[in-house]
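These notes are about the structure you will find just below.
These numbers come from the heavy atoms of this one structure, side chains and all, not from hydrogens, waters or symmetry mates. We name chains A, B, ... by the order of the sequence lines, and we start the count at 1 in each one.
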Amino acid sequence: MPELPEVETIASGVNRRVQGDSIVSAWFSLYREPCRTPAAEMAPALDGRRIERVRRVGKHIVFDLSYRGAASAQWIVHLGMTGRLLVSVAAVPVPPHTHAILRLASGRELRFVDARRFGRLALHTAEGGGFAGPGREPLTISKEEFAALFCGRKLSVKAALLNQRLLHGIGNIYADESLFRAGIRPTRVAGRLARERLDHLHTEIRAVLTGAIRAGGSSVSDYVDADGVRGFFQTEHRVYGREGEPCAVCGTRIRKMVVAGRGTHYCPRCQR
DNA sequence: AGAAGGACCTGCACGC
DNA sequence: TGCGTGCAGGTCCTTC
């Protein structure tokens with residue numbers, strides 16, 4: 001599942017391949033189209049545009065485009081659960097579940113493939129500034145602003161971490177891993193956590209995310225290659241997906257429960 | 001308004 | 001072997 005570290009790695013991989021290239025034409029599947037912006041409106045806004053840069057904002061991949069030297073609209077890609085961006089030469093067969101194809105001046109194609117159809121494509125126009133995402137960036141937010149996000153909230157801290165309008169980029173895996181490292185039970189009410197515990201969580205979120213970006217950088221780099229699809233790197237999860245296994249810190253069996261509608265893994269001894 | 005829960009969608013791991 | 005069932009979860013929508 002692409003969360004912040006995976007999206008970061010994919011965005012930089014795509015950027016390395018298509019930066020400076022130009023879009024010749026765009027095609028979108030009309031069958032239950034994944035476009036938030038109607039395809040009929042999106043295609044003309046992409047045609048002839050130069051790709052200045054591809055980068056990550058939250059879990060979104062942002063294509064900064066220009067037209068005749070001037071900045072134009074941004075193309076926004078959300079991978080959902082199973083979305084993939086492939087850069088292929090046109091001769092490579094188009095895989096199943098391909099919902100969008102951008103033909104590039106270099107002769108290659110940028111393909112959006114998504115079996116589960118949770119991914120979304122959209123156009124962001126320059127009005128009101130560039131695309132900033134729904135929430136705050138976990139990697140750059142200050143301790144003070146982080147703590148302020150949780151103030152007065154009555155939902156669980158796990159649900160708060162998953163709420164993209166507060167922090168964007170954290171998903172189920174890194175929420176569980178961050179809470180484990182911070183020693184916080186996922187069911188704790190967000191607004192009732194002491195300031196020092198929030199500071200600890202702030203620190204561990206950054207550590208987990210930056211560590212995953214470092215670990216994933218090399219092995220995910222082939223992800224966008226037409227024939228090199230490997231999936232995401234295997235993160236060294238301490239709790240996620242380890243139900244029943246002994247905690248690496250205290251040996252207690254890792255438990256799993258449902259919090260905020262999601263499978264939630266935790267150590268009943270380390271996390272209070 | 002904030003919080004909670006279901007719907008969406010498909011592939012895959014199971015169990016019989 | 002083959003088929004049915006349940007589970008996975010990011011986000012959107014509805015309900016409370």
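Atom CZ of R120(A) is separated from atom C1' of dA7(B) by 12 Å (rounded to the nearest Å). Between the P atom of dA3(B) and the CZ atom of R192(A) lies a distance of 12 Å, rounded to the nearest Å. The nearest whole Å value for the distance from the CG atom in D114(A) to the P atom in dC8(B) is 17 Å. Counting to the nearest Å, the P atom of dT10(B) and the NE2 atom of H97(A) are 7 Å from each other.
Where A115(A) and G152(A) meet DNA chain B, the nucleotide closest to each residue was compared, and G152(A) sits on the side nearer the 5' end. A residue-by-residue look at R262(A) and K154(A) shows that K154(A) has its nearest nucleotide of DNA chain B further toward the 5' end.
Looking at the side chain of F118(A), the nearest of the listed nucleotides dC8(B), dT10(B), dA4(B) is dC8(B). In the set dT10(B), dA7(B), dA4(B), the nucleotide with an atom closest to the side chain of R116(A) is dT10(B).
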Less than 3.5 Å apart, which donor and acceptor atoms pair up between the side chains of residues 252-260 of chain A and the rest of the protein, not counting sequence neighbours?
from, atom 1, to, atom 2, distance (Å)
R253(A), NH1, G244(A), O, 3.0

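Between R117(A) and dT10(B) there is a side-chain polar atom (N or O) within less than 4.0 angstrom of OP1 or OP2.
Here the side chain of H265(A) pairs no donor or acceptor atom with the backbone of Y240(A) at under 3.5 angstrom.
Partner of D64(A) under the salt bridge (Lys or Arg N to Asp or Glu O under 4.0 Å) criterion, out of R49(A), R50(A), R55(A): R55(A) alone.
Residues S25(A) and R103(A) have side chains that bring a donor and an acceptor to within less than 3.5 angstrom of each other. Under the 3.5 Å distance criterion, with hydrogens and angles disregarded, no donor-acceptor pair is assigned to the side chains of R185(A) and T187(A).
In summary, contact between chain A and DNA chain C, defined as any nucleotide atom under 4.0 Å from a heavy atom of the protein, begins and ends at dA8(C) to dC12(C) in the 5' to 3' direction.
Using a 4.0 Å cut-off between a side-chain N of Lys or Arg and a carboxylate O of Asp or Glu, R56(A) and E6(A) do not qualify as a salt bridge.
Residues that satisfy the salt bridge (Lys or Arg N to Asp or Glu O under 4.0 Å) test with E243(A), not counting sequence neighbours, are absent from this structure. The salt bridge (Lys or Arg N to Asp or Glu O under 4.0 Å) search around R195(A) returns E144(A), D199(A), not counting sequence neighbours.
No contact: K158(A) has no heavy atom under 4.0 Å from any strand.
The stretch residues 150-172 of chain A participates, sequence neighbours left out, in these salt bridge (charged side-chain N to carboxylate O under 4.0 Å, His left out) pairs: K158(A)-D176(A).
The rotation axes computed at either terminus of the helix from dG2(B)-dC16(C) to dC16(B)-dG2(C) lie 40° apart, taking five pairs at each end and rounding to 10 degrees.
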